[in-house]
Amino acid sequence: MLLSVKDLHANINGEEILKGLNLDMGKGEVHAIMGPNGSGKSTLSKVLAGREDYEVMSGSVTYKDEDLLEMSPEERAQQGVFMAFQYPVELPGVNNTYFMQTALNSVRKARGEEELNSLEFMKLIRGKLKELNMDESLLKRSVNTGFSGGEMKRNEILQMSLLEPSLAILDETDSGLDIDALRIVADGVNNLRSPERSMLVITHYQRLLDYIQPDYVHVLSGGKIIRSGDKSLALELEEHGYGWIKEQEAA
Amino acid sequence: MSQGQSLSHDAASPDVLQHYHQLAAHAAATQTWVNPQRRQALQALETIHLPRHRDEAWRYTPLEPVLGQPFQAAQREDDLLTADDIEQLRLTPSENWRVVLLNGFFMAELSNLPEKDRDGWEVLDLRMALEQGHPQALEHLGRLSHASDLFSALSTAMASEGVFVHLPAACKLEQPIEIVHVNLSFESDFITQPRLLCVMDADAEAVLLEQYVGLSDTVCLNNQVQEVFLGQGARLRQPRLQNESRLARHLTHLYIEQQADSYYQSTTLALGGHWSRTEFHANFAGSGAHCDLNGFYLSGEQQSHDMHLDVIHAVPNCSSTEQFKGIVYADGRAVFDGNIVVAQDAQKTNAQLSNDNLLLSRDAEVDTKPRLEIYADDVQCSHGTTVGQIDAETLFYLRSRGIPRQQAVAMICQGFAGEIVETCAWEPLQQRAMQNLQKQLDKVAAGL
């Protein structure tokens, strides 16, 4: 098991958002988590990535047989956890290439690998851009500054491909994207699928799952996973809406 | 701004004032030239009072560092600096044009200037220009600087040392002139008072690149007064790196007068010193001119940095941008006092003023006061101020990419400063500034 979440309870600003969440992910698996607004989707991704504002009250998260909750955000990243942000942050004045080189070298250093010099890094990043069909102009700009929604999400995928995570969390990566941008981002993600990489795709809409086909689908509601199944569950949800599943639960 | 502090200075004022009267009188008695402006400044000194917190322009500025003791006039030192020292400091290629001022004195043998009269432009030891009766130098010196406070009056009353730059019409310099200001003395408590007088005739173009370096750890007051005259269509850029030593007091009064269609851009980076204050006094004398003032301050342990702006739009169709940023940490202090006046006749003025501050500690303090006084009705003017901490989501974003917290903090600060630093548009200067910044910020970030 790569990731095992057991009976997780988490608060923000004193309000309980996750109320006993359980989730197991194996190596190389793609899991989708779907849920209505306010069900706790973003809270789950941020707790896994280590955002300090979220307070874990009880439960456990085991990642690669270690206690994930004990690690700082940078340690998690160094251990192979990557979250693509729903709203990536703008860093005016910080060059995108410099940012990514610093990130990659921090991760490499922590893993005991040789750091890359600028030349080696440029070679690597150009290759990644080509694989992902992205434009080199992204490299010259300040991180996410003045980027369109699509460019920001592509920049997230680029960072993901660079850092080669074992666990990639896509936090509502589809939000705010038109269908073309969505397709490009989904292609990027599919490119990165591998037996060595697990993905947790968090989304409100089934639409994204047309492009990124999950192995498992979970429905999150009221801070808990109330239903799990294969990808057909996503289609059922699309047809009947979230109300249907809540009714079933109540029955 | 305790009452007690103001009172103690007012009480101390006769002694300190008397000291400076004597300095000025001595200078007047020994100098061989005089112009009307200088005479006026000498008179003004008679009635001027010491800066005090009651004066709006000095309300938030710590006064003790500059008024707490009488500073003695610096003496010319001829053998302290070698060409090798300058080689270490310079930010332009060694064969480039360069002026070295040591404790305010023009050091011809350490400077590198072309043969006299080449293309008609001149960079001269101000003292020589004045003593030899250079008409432009005599006409312009002190014409913009006014006796707004003790130190500007003192500078004009005693003016003799410094640099005189004159570019005739349409003269375009293809490389920057670097001015290296070095303070170095084995004695404490001295005042250096160089002037920069820059007169550019119509359509002339130049870059003046300045750095201020302190090589000794003694208390000194660097009292700079600069006057820049831009003729019609003239263009000047003036990147300035203030890297004084940690006991130094640095005061710059920078006066700019712009004729029609001229362009002025300056970036002041205040990184060093115990106390620094830079005043920008910009005046538009003809329409269609643009003035672009940028500044950055890094104020930490036992430091204070002030930036004061008086930009006067007196004529129509001029534009100005004023972008200032600062990072304040430990018990550092900063003051931003930005004033833009748009006169009744100055229609179609465009002025954009901003001041953004990052406070990294509980004890850090910034007093920011942007002001717009608008008397015309057809203008586009804005001002904005922010004072904040490092954004938690931004920090999380960097850390979630594996970047350790300390490095992430330093990166955010560098990015914040970088936006101003890059307006210097001179790579070696930017690198020097960023290295200095990084060194200080790494220490700060480790403690956060």
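The basis for the numbers below is simple: all heavy atoms, side chains too, and nothing from hydrogens, waters or symmetry mates. Just so we're on the same page: letters track the sequence lines, and every chain starts at 1.
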Given Ala49(A), Ser72(A), Ser106(A), the one with more heavy-atom pairs under 4.5 angstrom with chain B than any other is Ser106(A)

* Kindly compute the distance separating CG (Leu398(B)) from OG1 (Thr102(A)), expressed to the nearest 0.5 Å. =>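 Between atom CG of Leu398(B) and atom OG1 of Thr102(A) there are 9.0 Å.
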
Under 4.5 Å from any heavy atom of chain B - which part of [X]:
X         : value
Arg51(A)  : both
Ala110(A) : neither
Pro165(A) : neither

Flag yes if more than 12 heavy atoms outside [X] fall under 6.0 Å of its [atom1] atom; otherwise flag no.
X         : atom1 : answer
Glu120(A) : CD    : yes
Lys64(A)  : NZ    : yes
Gln302(B) : CD    : no
Asp65(A)  : CG    : no
Lys128(A) : NZ    : yes
Glu301(B) : CD    : no
Asp67(A)  : CG    : yes

Under 4.5 Å to a heavy atom of chain A? For Gln407(B) that would be side chain

ask   = Heavy-atom distance under 4.5 Å to chain A: side chain of Ala417(B), backbone, both or neither?
value =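 The answer is neither part of Ala417(B).
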
Q) Heavy atoms, side chains only, cut-off 4.5 Å: are Glu52(A) and Phe396(B) in contact? A)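 No, side chains not in contact.
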
field: pair Ser400(B)-Phe82(A): side-chain heavy atoms closer than 4.5 Å
entry: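 No, too far: nothing below the 4.5 Å cut-off.
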
One option among Glu419(B), Arg405(B), Gln414(B) has the most heavy-atom pairs under 4.5 Å with chain A, and it is Glu419(B)

Which atoms form the tightest heavy-atom contact between [X] and [Y], and what is the distance?
X         : Y         : answer
Ile403(B) : Glu74(A)  : O-CB, 3.7 Å
Met411(B) : Val94(A)  : O-CG2, 3.6 Å
Met83(A)  : Arg401(B) : O-NH1, 2.8 Å

Check: Tyr87(A) ring centroid to Tyr397(B) ring centroid under 6.0 Å = no

Pair Arg399(B), Glu75(A) - check salt bridge (charged side-chain N to carboxylate O under 4.0 Å, His left out), show working.
CA-CA 9 Å; Arg399(B) 295 176 74 194; Glu75(A) 284 168 336; over 6 Å; no

